[in-house]
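Down below is the structure, laid out as structure tokens.
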Amino acid sequence: MTYCLGIRVQKGLVAIADTRITSGSETTSAKKISIHKQGNNNIFLMTSGLRSVRDKAVTYFEEVLEKESGHFDKMYKVVNAFGEQLRRVAGEDKASLAASGLSFNLFTIVGGQLENDKDHKLYLLYPEGNWIEIGEATPFTIIGNSGYGKPILNRALTYESPLNFAIKCGFLSFDSTRVSANDVGYPIDMVIYHKDTGFMHETRFDEKDTGHLASLWGSKIREVIHEIPDDWIDDLVSKVEKQGKDNRVRQIQVQQQQ
């Protein structure tokens, strides 16, 4: 499984992807984020699905970008171009994959800002080649193992959140997934884009770099849980204990009468 998270806030974009690849009992690492030059700007791709489909679609897409006619001035045109290459791969490989018992499967997150985009953009592209744009109401999208990392993002992240806060929430979302799913893990790759700059910074973190933050996060969760009032729980536990004792007394009385 995979964990890839794209965040779009007012000041920029954040992309986070784990690198763990699990095949049966074997675990390896592979890069799931790629940055591609487009004029004076950059875009990023993150993928979740069959690695063979991913590699072939990205190779075809890079060829499109290398051609003189492959210059795009808006992000939606880039997403359409990648979708076309994904459909091309589907036409070539989908039937043979199905014959081998494999589903044609590749979800892609695409982010960036090109010369005629008024704002930075984030998209979720489906295996069929169609896409949706990630808006302000829910300023993130996850592909792969999405269940464990969503709660903190739903509760804490908004489009108005500062970029550093978005990075923090993104890391904690990954860490929540890592703790709960053995197919998601370090190292993690991160790409940060600051609005209107055209520049993307990419970095990688190992557990030795951020493990102390994960430990702090775990201890803070326990502290907050202890701070939540117990009065409603005390009443509930007392009621259950009383009912249990009453039930036990009745059982003893019945046994004595037999």
Side-chain angles (χ1 to χ4, degrees), residues 1-7 13 15-38 42-67 69-70 72 75-112 121-134 140-149 174 177-178 181-191 200 202 204:
M1 187 61 79
T2 292
Y3 179 83
C4 293
L5 166 66
I7 297 175
L13 302 170
I16 297 175
D18 83 314
T19 57
R20 181 169 294 181
I21 301 291
T22 303
S23 178
S25 60
E26 295 184 1
T27 300
T28 58
S29 293
K31 193 174 176 61
K32 300 170 186 175
I33 298 180
S34 57
I35 295 179
H36 305 269
K37 190 76 174 174
Q38 182 59 189
N42 293 288
I43 63 171
F44 67 76
L45 301 176
M46 289 190 292
T47 59
S48 172
L50 287 176
R51 189 73 188 185
S52 61
V53 173
R54 181 260 180 208
D55 289 350
K56 197 171 186 180
V58 171
T59 298
Y60 287 171
F61 179 64
E62 287 177 338
E63 286 187 342
V64 171
L65 295 181
E66 289 170 1
K67 295 178 181 178
S69 59
F72 303 102
M75 281 296 300
Y76 82 86
K77 296 179 182 179
V78 169
V79 179
N80 281 341
F82 188 78
E84 289 176 7
Q85 301 312 309
L86 190 56
R87 285 189 287 269
R88 177 184 171 187
V89 176
E92 294 173 351
D93 296 346
K94 190 172 184 178
S96 58
L97 288 171
S100 300
L102 298 172
S103 298
F104 183 87
N105 179 27
L106 192 75
F107 290 84
T108 310
I109 298 174
V110 187
K121 303 288 185 177
L122 188 68
Y123 298 88
L124 172 61
L125 185 73
Y126 296 99
E128 295 76 15
N130 58 319
W131 50 263
I132 60 171
E133 182 176 353
I134 306 305
F140 69 90
T141 186
I142 302 173
I143 54 177
N145 201 328
S146 62
Y148 302 111
F174 156 76
T177 306
R178 176 192 66 84
N182 59 12
D183 53 5
V184 172
Y186 285 99
I188 56 171
D189 292 323
M190 183 182 296
V191 171
M200 290 183 175
E202 183 178 14
R204 172 169 286 193

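Just so it is clear, the values below take in all heavy atoms, side chains as well, and ignore hydrogens, waters and symmetry mates. Throughout, residue positions are numbered sequentially from 1 according to the sequence presented.
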Would you call Ile109 and Leu125 a side-chain contact if the rule is heavy atoms closer than 4.5 Å?
-> no
Spacing of Ile33 atom CD1 and Asp189 atom CG [to the nearest 0.5 Å] = 5.0 Å
Is Asp183 close to Asn145 at the side-chain level, that is, under 4.5 Å between some pair of heavy atoms?
-> yes
CD1 of Ile188 to CD1 of Ile16: how many Å apart, nearest 0.5 Å?
-> 6.0 Å
Where do Thr59 and Asp55 come nearest, in terms of heavy atoms and distance?
-> OG1-O, 2.8 Å
Would you check if the side chain of Gln38 reaches a backbone N or O of Ile43 as a donor-acceptor pair within less than 3.5 Å?
-> no
Closest approach of Arg20 to Val184 (non-hydrogen atoms, all atoms of both residues) = NH1-O, 3.8 Å
Looking at Lys56, Arg54, Arg88, which one forms a salt bridge (charged side-chain N to carboxylate O under 4.0 Å, His left out) with Asp93?
-> Lys56
Heavy-atom distance under 4.5 Å between the side chains of Val64 and Phe82, does that happen here?
-> no
Evaluate the side-chain proximity of Arg51 to Lys32: yes if any heavy-atom separation is below 4.5 Å, no if none is.
-> yes
Hey, does Leu50 have a side-chain heavy atom less than 4.5 Å from the side chain of Leu106?
-> no
Salt-bridged, Glu202 to Lys31, with N to O below 4.0 Å?
-> yes
Roughly how far apart are Thr108 OG1 and Phe61 CZ, rounded to 0.5 Å?
-> 10.0 Å
Check Glu84, Glu92, Gln85 against Tyr60 for a side-chain hydrogen bond (donor to acceptor under 3.5 Å, both in side chains) and give me the one that passes.
-> Glu92
Separation of Leu45 CG from Cys4 SG (nearest 0.5 Å) = 11.0 Å
Is Tyr76 close to Asn80 at the side-chain level, that is, under 4.5 Å between some pair of heavy atoms?
-> yes
Look at the side chain of Ser146 and the backbone N and O of Ile142, then say whether any donor-acceptor pair between them is shorter than 3.5 Å.
-> no
Output, in order, the C-alpha distance, side-chain angles, deciding distance and verdict of side chain to side chain contact (heavy atoms under 4.5 Å, CB included) for Leu65 and Phe72.
-> CA-CA 8 Å; Leu65 295 181; Phe72 303 102; 3.8 Å; yes
Any chance you could measure Ile35, atom CD1, to Asn42, atom CG, to the nearest 0.5 Å?
-> 6.5 Å
Backbone N/O of Pro127 and side chain of Arg87: donor-acceptor pair under 3.5 Å = no
Working for side chain to side chain contact (heavy atoms under 4.5 Å, CB included), residues Lys121 and Glu133 | CA-CA 7 Å; Lys121 303 288 185 177; Glu133 182 176 353; 3.1 Å; yes
Check the pair Leu5 / Phe140 against side chain to side chain contact (heavy atoms under 4.5 Å, CB included), numbers first and verdict last.
-> CA-CA 7 Å; Leu5 166 66; Phe140 69 90; 4.1 Å; yes
Within a strict 4.5 Å, meaning less than it, do heavy atoms of the Phe104 and Val89 side chains meet?
-> yes
How long is the span from the OG1 atom in Thr177 to the OH atom in Tyr3, to the nearest 0.5 Å?
-> 4.5 Å
For the student: nearest non-hydrogen atoms of Thr2 and Ser48, plus distance = CB-OG, 3.7 Å
CA sep, side-chain torsions, deciding dist, call: Trp131, Tyr126, side chain to side chain contact (heavy atoms under 4.5 Å, CB included) = CA-CA 6 Å; Trp131 50 263; Tyr126 296 99; 5.6 Å; no
Heavy-atom closest contact (Gly111 atom, Leu122 atom, distance) | CA-CD1, 4.1 Å
Could you tell me if the ring centre of Phe174 sits under 6.0 Å from that of Tyr186?
-> yes
Are Val53 and Asn105 close enough that some pair of their side-chain heavy atoms sits under 4.5 Å apart?
-> no
For the student: nearest non-hydrogen atoms of Ala17 and Met46, plus distance = CB-SD, 4.0 Å
